[in-house]
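Report on one structure; see the data block that follows.
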Amino acid sequence: MTRVVLVDDHDLFRAGVRAQLEEGIEIVGEASSVADAVQLIKQVDPDVVLLDVHLGDGSGDAVIVQVAPERPGVKFLALSVSDAPEDVIAVIRAGARGYVTKAISGAELSDAVRRVAGGDAVFSPRLAGFVLDAFRSGEATAVDAELDALTAREREVLQLIARGYRYKEIASRLHLSPRTVESHVSAVLRKLQLSSRHELTRWAAERRLI
Amino acid sequence: MRIPQVERSGDGAVVAGVCAGIARTLGVDPTFVRLVFALLAFASGAGIVAYVGAWALLPGPDDGEPARRRRRIIGTVLLVWSAILALSGLGLSNSIVWPLLIASAGAVLLRRESRAAGIALVVIGIVLFVSHNSAGSATTLLAPGAVGVALAVIVGPWAWREARDRARAEERADLAARVHDSVLQTLTLIQKDPANARRLARRQERELRAWLYPTTASGTLADAVDAAAAEIEELHGVRVDVVHTGDAALDERTEALALAAREAMANAARHAGVEEVSVYVEPTAVYVRDRGRGFDPAAVAADRRGLAESIRGRMERVAGTAHISSVAGEGTEVELQL
């Protein structure tokens, strides 16, 4: 049984998610604000937090930053209607294990929750597109070359995710095991979170201005 | 910072307890305060007028609220008068004292609610100052600048606040109009015609997103593919999810790429029997993928123009390639590359 806390400031949306999650996933609490969410998550210690990027009194990354040091075992999956890349990148950099759009089907969301609970990273096509964009430029100015650029393989995997491929399909297309695909994806996520490249933040800031 | 409340003092009063009260509030010897008033009395009698004004203005230990209010006006007038006397007595000419006082009164009124009266007083003060001091050459040069600075200091913040408030109100009105014209109308339509809810909601979502997150510039490849996706959604009632990284200007080749992609989306929407089509755009490539029923590309009849002409032919004419992979029951992907 995967225990989930649902954090979203829209009652209607929470009701929709509750109705769609499959057997084996139990919602053990709901919150609609950053303050409530932080308190609730520390109290019930769930496996996964489904976290909206925008909340009434702040943004989703504020929840992660306040909870993560005390509850390192809790995994966050960001969930949003937002298409603004800087918002999405901000929650991922704060430590979320993946990002899916709210248009996702109930079955896919359930699958994403189980994968995040199992320690995997979840990349939707849109997130893969954002990440490819973020790492696109400036390899030459990198401070830490290891962290600040994607390998050819990682880029290839991300590109296939952006094209709508699932891990299993990527594995068979690239003649890899699904486990290897997953480790590439986790490596990309780690780079995104640890990269010292200021381009990542500058890129996000520029997007807001357009 | 709070201004300490001064009260006239009952104990130690010589005349009305004004000096004793002030001394107690300031924590100094009453004799010192009396000495200041006495000295000021030599400046055209300013000290005496000030004493009477303070008597009227400062509440006694057992005055009620209505009594205080009545005496406030008389007291203020007397204190202002004493200030004029004192400044004149210090040797400042009338041509400086009066404009200064009028302008100060105006500035005080500006901080309160009567802006028009405040501005009028400030302007009168400035005009008086300029007209009385236009003789000397130095003042002639300085006065216009001083007037400008004074006006900017007093009117500037107010004008800026007004402009900001107006901009905010306009923004809010614009938002309300937009929500009314689009979102509310669509919700009404959906209630009347639930069968079309998905298509209506999708169209509304697209419009709202384009307004909220205007990410792609017009006249680029990404823009052209977005527009094509919108048309296909509209025509066939499927969801077309477009993801892009990077972008390219529209020229003959990228335009052909966008048109071929549109045809691939149309095929997927028509034949795959799915509700969603994924599209991924790079500066020199577009991938269109569905998870529908799939087909055998070799078995497509030669007279079906779509695949042969609109996709392959179009890409080959601009020295590009079109690769179609499809597995029955698993879906189709069209890879278009320049």
Side-chain angles (χ1 to χ4, degrees), chain A residues 12-13 16 53-54 80-89 99-108 111 123-138 150 154-166 168-170 172-173 188 203-210, chain B residues 187 198 201-202 204-206 208-218 220 222-223 225-226 233 238-247 261 264-265 268 272 274-292 294 323 325 327 330-337:
Chain A
L12 264 179
F13 183 76
V53 170
H54 292 284
S80 174
V81 291
S82 170
D83 267 359
E86 65 270 18
D87 296 336
V88 176
I89 298 286
Y99 163 79
V100 291
T101 47
K102 283 183 176 178
I104 193 172
S105 72
E108 280 178 305
D111 182 48
F123 272 53
S124 60
R126 197 168 297 279
L127 176 58
F130 290 161
V131 175
L132 280 170
D133 248 352
F135 277 102
R136 177 175 291 275
S137 56
L150 300 179
E154 287 164 356
R155 199 172 286 278
E156 211 171 3
V157 168
L158 273 190
Q159 199 200 38
L160 286 171
I161 294 174
R163 281 161 65 176
Y165 281 65
R166 297 187 180 131
K168 225 180 271 173
E169 295 163 341
I170 295 171
S172 75
R173 192 180 164 112
V188 170
W203 167 83
E206 278 165 5
R207 280 301 171 98
R208 198 186 282 279
L209 292 176
I210 293 172
Chain B
L187 289 175
R198 183 193 295 269
R202 187 68 181 124
Q204 184 58 68
E205 180 191 344
R206 199 169 51 239
L208 212 52
R209 271 186 199 287
W211 186 59
L212 289 171
Y213 314 112
T215 46
T216 49
S218 63
T220 65
D223 182 46
V225 174
D226 278 345
E233 285 189 342
V238 298
R239 184 181 178 92
V240 183
D241 224 2
V242 185
V243 170
H244 21 71
T245 70
D247 206 349
M265 291 180 229
V274 288
E275 286 177 354
E276 186 175 310
V277 178
S278 312
V279 178
Y280 173 58
V281 188
E282 284 184 349
T284 58
V286 178
Y287 304 85
V288 179
R289 180 176 176 85
D290 68 70
R291 301 185 168 281
H323 178 76
S325 49
V327 177
E330 284 180 24
T332 305
E333 186 177 45
V334 179
E335 306 181 35
L336 306 166
Q337 270 166 330

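So that the names make sense, note that chain A is the first sequence line, chain B the second, and so on, each numbered from 1.
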Relative to chain B, which segment of A:Glu169 carries a heavy atom at a distance below 4.5 Å: side chain, backbone, both, or neither? side chain
Across all chains, not counting sequence neighbours, the side-chain hydrogen bond (donor to acceptor under 3.5 Å, both in side chains) partners of A:Tyr165 are A:Arg173, B:Glu333
Can you list everything that forms a side-chain contact (heavy atoms from CB on, under 4.5 Å) with B:Glu275? Sequence neighbours excluded, please. B:Arg198
Chain A contact via B:Val288 - side chain, backbone, both or neither, heavy atoms under 4.5 Å: neither
Using non-hydrogen atoms and a 4.5 Å limit, figure out which bit of B:Glu335 sits close to chain A: side chain, backbone, both or neither. side chain
Check: A:Tyr99 main-chain N/O paired with A:Ser124 side-chain donor or acceptor under 3.5 Å: yes
B:Arg289 side chain to B:Gly331 backbone, donor-acceptor under 3.5 Å: no
Top contributor to chain A contacts, counting heavy-atom pairs under 4.5 Å, from B:Glu282, B:Arg291, B:Arg239: B:Arg291
